Protein chains: 2
Amino acid sequence: MAASRYLQIAEALRRSILGGEYPVGSQLPSESDLAARWSASRGTVRQAVALLASEGLIGSRQGARRIVLRRERRHSFAELNSFAQWAQGEGYEISSRILTRTRRPATPTESTRLTLPPGAGVLYVVRLRLLDGEPAMLERTAYADWVAPSVEELPDDCVSIMNSLADAHGIVAHYGDHLIDAVPAGSVDARLLHVRRGSPLLRQRHLTCTATGRPIEWTDDRYVAGAVTFSVSNSADASPLSRRAGRLDG
Amino acid sequence: MAASRYLQIAEALRRSILGGEYPVGSQLPSESDLAARWSASRGTVRQAVALLASEGLIGSRQGARRIVLRRERRHSFAELNSFAQWAQGEGYEISSRILTRTRRPATPTESTRLTLPPGAGVLYVVRLRLLDGEPAMLERTAYADWVAPSVEELPDDCVSIMNSLADAHGIVAHYGDHLIDAVPAGSVDARLLHVRRGSPLLRQRHLTCTATGRPIEWTDDRYVAGAVTFSVSNSADASPLSRRAGRLDG
DNA sequence: GAACCCGGCTTGTTCAGACAAGTTCCGTCC
DNA sequence: GGACGGAACTTGTCTGAACAAGCCGGGTTC
């Protein structure tokens with residue numbers, strides 16, 4: 001339990017806010033107060049509050065005390081790249097069926113996104129995801145050739161491929177790009193997701209990379225309308241000074 | 001131009017990355033290098049690189065040099081709050097038509113979102129937004145009663161209401177919550193946006209607040225499929241994005 | 001009563017130095 | 001050749017100090 005000092009402070013403050021000790025709209029103690037209370041320097045306290053600010057929990061204006069903006073916890077990045085992780089956290093019964101798993105040459109889009117050399121192959125996987133037994137999402141993923149062997153040795157009913165890759169091979173997703181839009185269901189989508197052709201789907205395409213910027217996968221996920229809503233919070237002072245914490249890659 | 005030192009450094013580095021001086025995948029100079037080059041302290045340099053990291057331009061791992069992750073500038077979600085700001089930045093010809101502007105009692109959803117006392121009124125505005133003359137988005141906004149007078153005195157063809165509020169009354173949007181999903185076009189949507197009924201729309205509902213957490217507006221924006229794609233980048237440390245299930249009433 | 005100003009408080013920015021923890025790379029040993 | 005070990009380097013965390021910039025309340029003035 002040797003977490004950094006600023007993480008401890010942040011965690012304590014977070015708990016106080018979530019627990020209602022500092023109600024929404026109220027002021028946080030000043031930095032010097034907190035520094036004294038934790039016998040830490042002001043700089044360390046600032047790291048802690050910067051972290052909370054980046055989570056959207058608190059806001060700040062120069063000269064005025066920090067203010068509690070909201071009381072809910074926001075989910076972090078890992079859950080964005082992992083449908084399974086998110087769904088389990090929300091208490092859903094989740095299952096998935098692999099419909100296709102083939103090696104084939106990369107399409108032009110995949111080559112570009114995954115920055116593959118011309119002629120390289122990918123492992124193409126189509127999975128149907130169900131929430132509480134209902135079809136909720138259709139996932140088409142192209143894995144870069146260098147991870148393909150690791151993916152292929154996973155069992156067919158593997159719930160979270162990214163989690164398994166991290167555990168078994170130390171391949172950890174570090175960041176990603178996401179493109180979100182709405183598209184009409186194609187005939188394949190419609191049949192598999194049990195919706196009418198042309199009905200709205202929420203599409204999320206994303207690229208996942210390692211900490212060194214090496215692309216892992218390029219995915220096209222299509223959600224049944226109403227099954228999922230993306231939620232974003234943003235603050236004007238988009239957390240500039242956030243010196244950050246993070247446990248990654250092996 | 002007495003911008004902060006760390007902002008100057010960040011801007012210079014950003015330009016170098018965007019200009020290709022540091023290609024994607026290459027290493028940035030070490031912090032001490034940069035500190036020496038700018039005759040600044042290491043702490044200041046760290047603020048600069050933290051900013052770039054939060055923009056997704058660079059990544060870092062303890063012990064290894066920082067790596068350039070991408071070369072395009074990503075828009076921050078701050079611009080999510082302003083359609084006008086985004087569209088102008090992208091070079092679109094933008095126009096808008098106000099279709100409705102009425103005072104009426106708040107709906108239950110609006111009361112909850114805007115945390116209004118029971119029975120309070122809102123200013124309800126419906127606007128059609130066009131990109132290069134094509135209908136692109138239908139915007140339904142409920143302004144809290146305390147900003148309603150300021151909004152009403154704006155001209156009908158005002159391009160960016162939030163910008164005007166900031167300039168004229170010092171009412172500045174500081175943070176917001178966004179809910180993104182896909183919905184079928186209703187008959188009103190279909191007629192105004194020139195699409196068929198039931199065709200996919202990308203819906204973005206959002207709440208905008210001041211720095212003190214006071215709600216300003218609650219909006220329901222519906223984009224024609226294909227007109228707009230939301231783009232998010234995130235790194236492992238802190239992501240503003242999360243995913244929510246099903247129907248969040250309201 | 002209303003407008004104004006000022007002093008105290010609080011956050012924003014910067015500095016210089018120190019140690020911890022992780023990465024990289026090279027030389028050595030088997 | 002390959003495994004091991006260690007030195008040099010780099011980022012992560014923390015301290016204590018100082019000044020700038022902005023906010024707030026209270027007192028003064030009109």
Side-chain angles (χ1 to χ4, degrees), chain A residues 1-11 13 26-54 58-69 170 172 174 210-213 235-250, chain B residues 1-11 13 26-54 58-69 170 172 174 210-213 235-238:
Chain A
M1 273 314 216
S4 312
R5 202 102 184 74
Y6 81 92
L7 287 177
Q8 295 173 26
I9 299 175
E11 178 55 28
L13 284 176
S26 68
Q27 297 185 331
L28 239 54
S30 74
E31 293 176 358
S32 3
D33 258 23
L34 291 172
R37 194 173 308 179
W38 287 84
S39 47
S41 77
R42 203 184 137 215
T44 303
V45 169
R46 281 179 68 78
Q47 284 189 66
V49 293
L51 182 59
L52 297 189
S54 80
I58 63 179
S60 66
R61 286 137 66 215
Q62 178 171 136
R65 291 260 277 275
R66 271 167 231 275
I67 288 177
V68 176
L69 291 179
V172 180
H174 181 246
T210 65
T212 55
S235 217
D237 55 340
S239 76
L241 78 138
S242 76
R243 313 166 190 173
R244 23 194 59 211
R247 156 116 269 102
L248 8 139
D249 228 289
Chain B
M1 292 306 128
S4 310
R5 202 103 182 72
Y6 80 91
L7 288 177
Q8 295 174 26
I9 299 175
E11 178 55 28
L13 284 175
S26 69
Q27 296 184 331
L28 239 52
S30 73
E31 293 176 358
S32 4
D33 259 22
L34 291 171
R37 195 172 308 179
W38 287 84
S39 47
S41 77
R42 202 184 136 213
T44 303
V45 169
R46 281 179 68 77
Q47 282 189 69
V49 293
L51 182 59
L52 298 190
S54 80
I58 62 179
S60 66
R61 286 141 65 218
Q62 178 172 136
R65 290 258 278 277
R66 271 168 232 275
I67 290 177
V68 177
L69 292 179
V172 181
H174 185 249
T210 66
T212 56
S235 16
D237 308 314

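In what follows, chains carry the letters A, B, and so on, assigned in the order in which the sequence lines appear, proteins first and then strands, with residues in each chain numbered from 1. Because the structure is a prediction, the values reported are computed rather than measured.
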Out of Val68(B), Leu52(B), Ile58(B), which one pairs with Leu13(B) under the side-chain contact (heavy atoms from CB on, under 4.5 Å) rule?
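For Leu13(B), the side-chain contact (heavy atoms from CB on, under 4.5 Å) test succeeds with only one of Val68(B), Leu52(B), Ile58(B), which is Leu52(B).
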
[X] [atom1] to [N] [atom2], straight-line distance once rounded to whole Å:
| X | N | atom1 | atom2 | value |
| --- | --- | --- | --- | --- |
| Arg65(A) | dG12(C) | CZ | C1' | 17 Å |
| Tyr6(A) | dT15(D) | OH | P | 13 Å |
| Leu34(A) | dC9(C) | CG | P | 17 Å |
| Arg66(B) | dC9(D) | CZ | P | 18 Å |
| Glu31(B) | dA8(D) | CD | P | 21 Å |
| Ile67(B) | dG22(C) | CD1 | C1' | 14 Å |
| Ile58(A) | dT10(C) | CD1 | C1' | 14 Å |
| Leu51(A) | dG12(D) | CG | C1' | 14 Å |

Item to complete: Kindly indicate whether the side chain of Leu51(B), heavy atoms from C-beta on, has any atom under 4.5 Å from the side chain of Leu7(B).
Response: yes

Which atom names give the shortest non-hydrogen contact between Glu31(B) and Val45(B), and what distance separates them?
->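 Heavy atoms of Glu31(B) and Val45(B) come nearest at O-CG1, 4.1 Å.
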
Please determine, for the side chain of [X], which listed nucleotide ([options]) has the closest atom?
| X | options | value |
| --- | --- | --- |
| Arg46(A) | dC15(C), dT11(C), dT11(D) | dT11(C) |
| Gln47(B) | dT11(D), dT13(C), dC14(D) | dT13(C) |
| Ser60(B) | dT10(C), dG12(C), dG12(D) | dG12(D) |
| Ser4(A) | dC15(C), dC14(D), dT13(C) | dC14(D) |
| Arg61(B) | dT23(C), dC14(D), dG22(C) | dT23(C) |
| Gln62(B) | dG22(C), dG12(C), dT13(D) | dG22(C) |

dist Arg37(A):CZ -> Ile9(A):CD1 (nearest 0.5 Å) comes out at 11.0 Å

- [ ] Establish, with yes or no, whether the OP1 or OP2 oxygen of dC15(C) is under 4.0 angstrom from a side-chain nitrogen or oxygen of Thr44(B).
- [x]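 Result: yes.
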
Q: By nearest nucleotide on DNA chain C, pick out whichever of Val45(B) and Gln27(B) is the more 5' one.
A: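 Going by which nucleotide is closer to the 5' end, it is Val45(B).
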
### Message
Base, sugar-phosphate or nothing for Arg42(B)? Non-hydrogen atoms, less than 4.0 Å.
### Response
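Base contact.
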
Please walk me through it: do Tyr6(A) and Arg46(A) pass side-chain contact (heavy atoms from CB on, under 4.5 Å)? CA-CA 8 Å; Tyr6(A) 81 92; Arg46(A) 281 179 68 78; over 6 Å; no

Between Ser41(A) and Ala64(A), whichever has its closest DNA chain D nucleotide further toward 5' is Ser41(A)

